[in-house]
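What follows is a short report on a single structure.
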Amino acid sequence: MTTPIRHYLQFSDFSADEYAYLFQRAARIKSKFKTYEKHHTLADRTLAMIFEKASTRTRVSFEAGMYQLGGSVVNLTSGDSQLGRSEPIEDTARVISRMVDIVMIRTFEQTRIERFAEYSRVPVINGLTNEYHPCQILADLFTYIEHRGSIAGKTVAWVGDGNNMANTWLQAADILGFQVHVSTPRGYEVDEKLVAGTRKGAGNYRFFSDPLEACRGADLVTTDVWTSMGYEAENAERMKAFADWCVDADMMRAAKPDALFMHCLPAHRGEEVSAEVIDGPQSVVWDEAENRMHAQKALLEFLMLGRQSESQDGAA
């Protein structure tokens, strides 16, 4: 009997139990990486990466990670592929998925990656869409667990734009049992249609008009750029609207004394976060950035091989 293909298109695609496994597996993979121990569980497997949006961390983390797992990588951009240009997405999916073992796509509308996945013969990973960024939240949660233990019952303060990151944090809170305090300027709220399934009012999502209040008592404070890719034309307007949503020392003081600060990067010091915070002792942004690679290695392995035991690690 053929095992059904699993895709990772949004955070809600996996269960709490599956995330517990991924965090444990990522920790083991990272430990082996730090001691220069080979972990070639994906030898002879090939990852295709398709970028319709520019990338630094996503490309490096997936590419380096796949090589470290013993596999190989094919990198495609919208300039050197036919995705949605002179060939339907469905046809591109049919062709590429016959030649590789897994596909990661960084694109615009969520519907584009969903159409690709529907016609793919191999697993498809969302490397970022306008609506969701599950790989980043996977890494962020792994980073929190690494530093503070379980996130269940904790409070995450999201300060800034109600964007793909905010949407994904709300999905994660619903699955893993923590709270999110969301504070955005008026007009930039989370689109509740994109976080269907979250139980607003049931303890996992609260909105605050005052970002300082959103941070009060938080275990983790996190943010993102004010102007995401694709919204550059709104930059001047956003700079004015978000002026009071810069995560600064006052906000971190309102959070718990041992609260962490995260940012998915790239960051603009003096805009969405002060230099004092991002370069300060509560910031774990560099661990967070590195952990994209380790968490995604666990994800790649899981989608292609399923759950692995230590005896299946494969050092050769």
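Because the structure is a prediction, the values reported are computed rather than measured.
Using modelled atom types and a 3.5 Å distance limit, the side chains of Arg292 and Gln136 yield a donor-acceptor pair. Side chains of Glu189 and Thr184: a donor-acceptor N/O pair is absent below 3.5 angstrom, by distance only. Side-chain contact of Ser183 with Trp245: a donor-acceptor pair under 3.5 Å is present, judged by distance alone.
His7 places a side-chain N or O within donor-acceptor distance of the main-chain N or O of Ala117, the cut-off being under 3.5 Å. One N or O on the side chain of Gln282 and one on the backbone of Ala259 form a donor-acceptor pair closer than 3.5 Å. The backbone N or O of Arg253 sits nowhere less than 3.5 Å from a side-chain atom of Asp250 that would complete a donor-acceptor pair. Here the side chain of Asn167 pairs a donor or acceptor atom with the backbone of Glu131 at under 3.5 angstrom. A donor-acceptor pair under 3.5 Å is formed between the side chain of Ser97 and the backbone N or O of Ala93. Within the 3.5 Å criterion, the main-chain N or O of Ser55 finds no donor-acceptor partner in the side chain of Thr58. Looking at Ser31, its side chain never comes within 3.5 Å of a backbone N or O of Ala27 through a donor-acceptor pair. In this structure, Arg148 contributes its side chain and Asp258 its backbone to a donor-acceptor pair below 3.5 Å.
Scanning for salt bridge (Lys or Arg N to Asp or Glu O under 4.0 Å) contacts around Asp17 gives Arg307, with sequence neighbours left out. When the side chain to side chain donor-acceptor pair (under 3.5 Å) test is applied to Ser72, the partners found at least two apart in sequence or on another chain are Thr46. The ring-ring contact (aromatic ring centres under 6.0 Å, His included) test applied to Phe302 returns Phe14, Tyr21, not counting sequence neighbours.
How far OG1 of Thr129 is from CG of Asn164: 6.5 Å, rounded to the nearest 0.5 Å. Annotation: the span from Phe51 atom CZ to Phe62 atom CZ amounts to 8.0 Å, rounded to 0.5 Å.
Outside the 6.0 Å centre-distance limit, the rings of Phe142 and His294 are not counted as a close aromatic pair.
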Under 3.5 Å donor-acceptor pairs involving side-chain atoms of residues 208-218, not counting sequence neighbours:
residue	atom	partner	partner atom	Å
Asp210	OD1	Leu212	N	2.9
Glu213	OE1	Arg216	NE	3.2
Glu213	OE2	Arg216	NE	3.3
Glu213	OE2	Arg216	NH2	2.9

Result block: side-chain N/O donor-acceptor pairs under 3.5 angstrom for residues 264-272, not counting sequence neighbours:
residue	atom	partner	partner atom	Å
Arg269	NE	Asp279	OD2	2.9
Arg269	NH2	Asp279	OD1	2.9
Glu272	OE2	His263	NE2	2.7
Glu272	OE2	His268	N	2.8

Show the atom names and distances, to 0.1 Å, of all donor-acceptor pairs under 3.5 Å that link a side chain in residues 151-158 to residues at least two apart or in another chain.
residue	atom	partner	partner atom	Å
Trp158	NE1	Asp161	O	2.7

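In terms of heavy-atom proximity, Val103 sits nearest to Val122 at CG2-CG2, 4.0 Å.
Between Arg106 and Glu52 no salt bridge is recorded (no basic side-chain N to carboxylate O distance below 4.0 Å). For Glu18 and Arg6, the salt-bridge test passes: some basic side-chain N is under 4.0 Å from an acidic carboxylate O. Ionic pairing of Glu118 and Arg94 is not present here: no N-O contact between side-chain nitrogen and carboxylate oxygen is shorter than 4.0 angstrom.
At most 12 non-hydrogen atoms from other residues, nucleotides or ligands lie less than 6.0 angstrom from CD of Glu276.
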